[in-house]
Amino acid sequence: PRPIRASARSRSARTASAAADCAPAAQHLEPTPVASHGAALRLSVPTGFCLRRFVRQSAAPVLPPVEFDADAGVLHAVVYSGGAGDPAIDARIAQATAGAPLDIWVAAPPTAAAGPVLQAQVLTILGLDEDLSLFHAMATTDPGLAWAADHDAGRTLRSPRVFEDLLKSVLRARVAAAKLHDVCARFCQRYGMATAHGRRAFPTEDALAAHDPDQLAATLAIPRGLAGTVHALAQACTHGSLIPDSLRRLPNEFAAILQE
């Protein structure tokens, strides 16, 4: 089949929309500290990356514990200093304008070991750990897709932990879109770890596996069938029959081929 090519008018409209998305807000976007103790981090981004456009175009919706303040251009997220039992930490992510570094405020001073872990999680949340160079190089050969490389398109919102993405995928398939945000919020409020400033993380597999389906259904106000699926997934991950993090690691042989 012939490739679908965008018209000059649609390409122009897309470019104008992208520029409007990434125009600086009236206020300064650098996050203000949420407490007297915390740390500011700064991360470089690919040329053309725009936080506002990224959130608007992401295939995955913004769901609790993630929130986006469209007026301020700030993405609120929860990150973790290490393993499953380590504290949940508030993070605020902002960008002054497209292509500018990301300004990140974490509400706890990271240790020397935790700093890179927190930065890596922010990169994962924004899809910036994905190498899209091949896709963008191919896009530039098609006039209808050249805009993708110019605007660093193709990334999608993800969770810092794979189990959260797995469970949200189940919820997106089984819960009406109009109710999805509230259901995810209840998961966080009922079973998520509290941060130092009152937010709640998404629950771990251990937290959900500790409750039977009837309890989950009653507490979360979800159908019993869905609660059974949630419980089964949590137990599979807890008992090791499913290792969520393996889903983000390339098979060794494939990874070796890509590195050649």
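Predicted model only: the values in this text are computed from it and were never measured.
In this structure His136 satisfies the ring pair (Phe, Tyr, Trp, His ring centres under 6.0 Å) test with no other residue, sequence neighbours excluded. Not counting sequence neighbours, Asp69 has no partner by the salt bridge (Lys or Arg N to Asp or Glu O under 4.0 Å) test. Looking at residues two or more places apart in sequence or on another chain, you find no side chain to side chain donor-acceptor pair (under 3.5 Å) involving Asp150. A search for side chain to side chain donor-acceptor pair (under 3.5 Å) contacts involving Ser241 returns nothing, not counting sequence neighbours. Applying the side chain to side chain donor-acceptor pair (under 3.5 Å) rule to Thr229 yields the partners Arg174; only residues at least two apart in sequence or on another chain are considered. Every residue two or more places apart in sequence or in another chain was checked for a salt bridge (Lys or Arg N to Asp or Glu O under 4.0 Å) with Asp212, and none qualifies. Residues forming a salt bridge (Lys or Arg N to Asp or Glu O under 4.0 Å) with Glu205 (at least two apart in sequence, or on another chain): none. Legend: residues meeting ring pair (Phe, Tyr, Trp, His ring centres under 6.0 Å) with Phe54, ordered by chain and number and at least two apart, are Phe49. Legend: residues meeting side chain to side chain donor-acceptor pair (under 3.5 Å) with Arg200, ordered by chain and number and at least two apart, are absent.
Phe135 and Leu145 fall into different hydrophobic clusters, where Ile, Leu, Val, Met, Phe, Trp and Tyr residues are linked whenever their side-chain heavy atoms come under 4.5 Å apart, directly or through other members. Side-chain heavy atoms closer than 4.5 Å link hydrophobic residues (I, L, V, M, F, W, Y) into clusters, and following such links, possibly through other members, connects Val55 to Val45. Hydrophobic clustering keeps Val122 apart from Leu132 (ILVMFWY residues linked when any side-chain heavy atoms are closer than 4.5 Å, directly or through intermediates).
The shortest non-hydrogen separation linking Gly144 to Asp142 is N-OD1, 2.8 Å. Of all the heavy atoms in Cys50 and Ala98, the pair that sits closest is CB-CB, 3.9 Å. Closest non-hydrogen pair, Arg52 versus Ala70, comes out as NH1-O, 2.8 Å. Here the shortest heavy-atom pairing between Tyr80 and Leu118 reads O-CD2, 3.2 Å. Scanning all heavy atoms of the two residues, the minimum distance from Ala107 to Ile89 falls at N-CG2, 3.8 Å. The shortest heavy-atom contact between Ala196 and Asp90 is N-OD2, 4.2 Å.
The main-chain N or O of Leu216 is never found under 3.5 Å from a side-chain atom of Thr219 such that the two would form a donor-acceptor pair. Looking only at distances, a side-chain donor or acceptor of His231 sits under 3.5 Å from a matching main-chain atom of His211. Here the side chain of Arg92 pairs no donor or acceptor atom with the backbone of Leu75 at under 3.5 angstrom. A donor-acceptor pair under 3.5 Å is formed between the side chain of Ser246 and the backbone N or O of Ile243. Judged by distance alone, with hydrogens and angles left aside, the side-chain atoms of Thr195 form no donor-acceptor pair with the main-chain N or O of Ala88 at under 3.5 Å. Within the 3.5 Å criterion, the main-chain N or O of Gly48 finds a donor-acceptor partner in the side chain of Arg53. Judged purely by atom type and a 3.5 angstrom limit, Gln95 uses its side chain to pair as donor or acceptor with the backbone of Leu51. Between the side chain of Arg158 and the backbone N or O of Ile125 there is no donor-acceptor pair closer than 3.5 Å. The backbone N or O of Ser159 sits less than 3.5 Å from a side-chain atom of Asp165, completing a donor-acceptor pair. For Thr156 (side chain) and Ala59 (main-chain N/O), a donor-acceptor pair under 3.5 Å exists by modelled atom type.
Between the OG1 atom in Thr204 and the CG atom in Leu167 there is a gap of 11.0 Å [rounded to 0.5 Å]. Note that NZ of Lys179 is 14.0 Å distant from SG of Cys184, once rounded to the nearest 0.5 Å. A distance of 4.5 Å separates OG1 in Thr238 from CG in Asp206, rounded to the nearest 0.5 Å. Atom CZ in Arg199 sits 8.5 Å away from atom SG in Cys188 (nearest 0.5 Å). For the atom pair CH2 of Trp105 and CD1 of Ile93, the computed distance is 14.5 Å after rounding to the nearest 0.5 Å. To the nearest 0.5 angstrom, Leu247 atom CG is 6.0 Å from Leu242 atom CG.
In the hydrophobic clustering, Met138 connects to Leu134, either directly or through intervening members, whenever side-chain heavy atoms lie under 4.5 Å apart.
The closest side-chain heavy-atom distance from Arg155 to Pro46 is below 4.5 Å. At least one side-chain heavy atom of Leu102 sits under 4.5 Å from a side-chain heavy atom of Leu126. The shortest distance between side-chain heavy atoms of Pro160 and Thr124 does not fall below 4.5 Å.
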List, one per line, each side-chain donor-acceptor pair under 3.5 Å for residues 60-68, sequence neighbours excluded.
residue, atom, partner, partner atom, Å
Glu67, OE2, His181, NE2, 3.4

* To do: Just do the side-chain contact (heavy atoms from CB on, under 4.5 Å) check on Leu233 and Phe163 with the steps written out, would you?
  => CA-CA 9 Å; Leu233 176 61; Phe163 175 73; 4.0 Å; yes
* To do: May I have the step-by-step check of side-chain contact (heavy atoms from CB on, under 4.5 Å) for Leu123 and Leu43, ending in yes or no?
  => CA-CA 9 Å; Leu123 292 176; Leu43 291 179; 4.1 Å; yes
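Applying the salt bridge (charged side-chain N to carboxylate O under 4.0 Å, His left out) rule to pairs touching residues 181-197 yields nothing, sequence neighbours excluded.
Both cation-pi conditions hold for Lys168 and Phe202: the charged atom is under 6.0 angstrom from the six-membered ring centre and inside a 45 degree cone around its axis.
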